[in-house]
Amino acid sequence: MLPSSICYLVEGGHQAPSADNLQPWLFTWDGETLVLRSKELSAASEVFGRDSHCEALTMGAVSENIVTLAADAGMEGDWDLSRENDTFLRFKPRSVKEQVSLPVQHEVFSRHTNRFKFDGFDTAPPYLQELEGLSQGACKLRVCTAQAEIDVLADLVRRASSLRFRNRILHEWFGKTLRFTRREVEGGTGLDVSTIDLPPGGGLLLKLIMDWGRMSRLNAVGMYRLLSSIEAQAIRRSPGMLVVLGPRSEGVDAGRLMERAWLGLERHGLAAQPYYVVTDQLVRLADHQLPAELVATADHLQAASKTFLGDDADAFPHMLLRFGKASKEPPRSRRLPLDRVVLKAESNSH
Ligand SMILES: Cc1cc2nc3c(=O)[nH]c(=O)nc-3n(C[C@H](O)[C@H](O)[C@H](O)COP(=O)(O)O)c2cc1C
């Protein structure tokens, strides 16, 4: 059994966001050191690849939760946040408390993705200025509240999303991650469709188009254009957008920064939804993972992204987030039971 202070850190790490709620992490405790590792997900690695940018970003978010909780609870010890193969964090606390009462009210436990409509703010919250000043390593944030800037980002999402809807591997993968019934949701992973802002009948439509044969026939008459425009429209109507920028190799730092900014937004009463689609298409383009017929469109996406965000190597968009005042509290996504993500390790304590 984990000591309660370590369990607290593990539970906080386990609340991190992950692409399609896959939770690709494992924790071990040997009596002295807490270790965070990434977990091989065979199906997902076909889509995102082992050692993917997506994995680094996610593990950065988990690390940020653990570091934040430990700092706020006054837990001291030796930290090693340098990545080594599948290991992303090692923490050897100076003392281990077996019985402590720790604040479960911490924002790490309430952070969530809100895919519903956001209301605007009359005057920009002062926190936004603070956000502009946040950084982690070589990664920084760009905050956009001017409609012209938000429109450009919405257009990037439209272009990227139109690519995704034409990519059989990505489309079928997305279908596999959707959870429609209560039983499926209770499995603890994947995307609960009730967290998606769908119009009446939208769930049924989603189910129907997940069949690639049907989707490709519909794409021939422009379905991908319609769906990507709907996605972009949600951004156009949002009061603010956040871009996490940095060198492409710095996915872990970008993930830490994303999580810190997201926790801060919620602390200041704002809700957020991340959009990974632009990053994902740019990574696939650079790594030659796109079907040949989509490369020219992806080149245009890349050119448009560089025109807006800059051509420097340290201006790679790691993540886009829209934010604003929540108009609706979304259902909270589930997690796997803790024993599925905590690996038993040999004890060093005696
Ligand atoms: C790398 C990464 C990519 C994500 N991409 C998207 C996305 O494109 N659209 C979206 O709505 N949510 C996205 N999410 C949010 C996850 O779907 C969400 O974190 C997960 O379902 C768990 O839900 P929670 O954030 O409410 O805890 C992403 C999260 C991560 C870490």
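In this text, all values refer to a predicted model and were calculated from it rather than measured experimentally. Starting from 1, each residue takes its place in the sequence as its number. All values below were derived from every heavy atom in this structure, side-chain atoms included, with hydrogens, water molecules and symmetry-related copies excluded. First listed ligand is number 1; within each ligand, the first listed atom is number 1.
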Ser229 side chain to Arg225 backbone, donor-acceptor under 3.5 Å: yes
Using ring centroids (six-membered ring only for Trp), state whether Phe316 and His53 fall under 6.0 Å. yes
With a cut-off of 3.5 Å and sequence neighbours excluded, list every side-chain donor-acceptor pair involving residues 197-218.
residue, atom, partner, partner atom, Å
Asp211, OD2, Gly213, N, 3.4
Asp211, OD2, Arg214, N, 2.9
Arg214, NH1, Leu208, O, 2.9
Ser216, OG, Trp212, O, 2.8
Ser216, OG, Gly213, O, 3.2
Arg217, NH1, Gly213, O, 3.3

Under a 4.5 Å side-chain heavy-atom rule over Ile, Leu, Val, Met, Phe, Trp and Tyr, are Leu336 and Ile66 clustered together? yes
Starting from the C-alpha separation in whole Å, work towards a yes-or-no answer on side-chain hydrogen bond (donor to acceptor under 3.5 Å, both in side chains) for Arg111 and Asn65. CA-CA 10 Å; Arg111 184 217 50 81; Asn65 277 3; 5.7 Å; no
Above 12 or not: heavy atoms from other molecules or residues under 6.0 Å from CZ of Arg237? no
Just the distances, no angles: every ligand 1 N or O to protein N or O pair closer than 3.5 Å, one line each.
residue, atom, partner, partner atom, Å
ligand 1, 8 (O), Tyr276, N, 3.0
ligand 1, 9 (N), Pro274, O, 3.0
ligand 1, 11 (O), Arg115, NE, 2.7
ligand 1, 11 (O), Gln273, NE2, 2.8
ligand 1, 12 (N), Arg115, NH2, 3.4
ligand 1, 17 (O), Arg115, NH2, 2.9
ligand 1, 19 (O), Ser18, N, 3.4
ligand 1, 23 (O), Ser333, OG, 2.9
ligand 1, 25 (O), Arg111, NH1, 2.9
ligand 1, 25 (O), Arg111, NH2, 3.4
ligand 1, 25 (O), Thr113, N, 3.4
ligand 1, 25 (O), Thr113, OG1, 2.6
ligand 1, 26 (O), Thr113, N, 2.8
ligand 1, 27 (O), Arg111, NH2, 3.0
ligand 1, 27 (O), Ser333, OG, 3.3
ligand 1, 27 (O), Arg335, NH2, 2.7

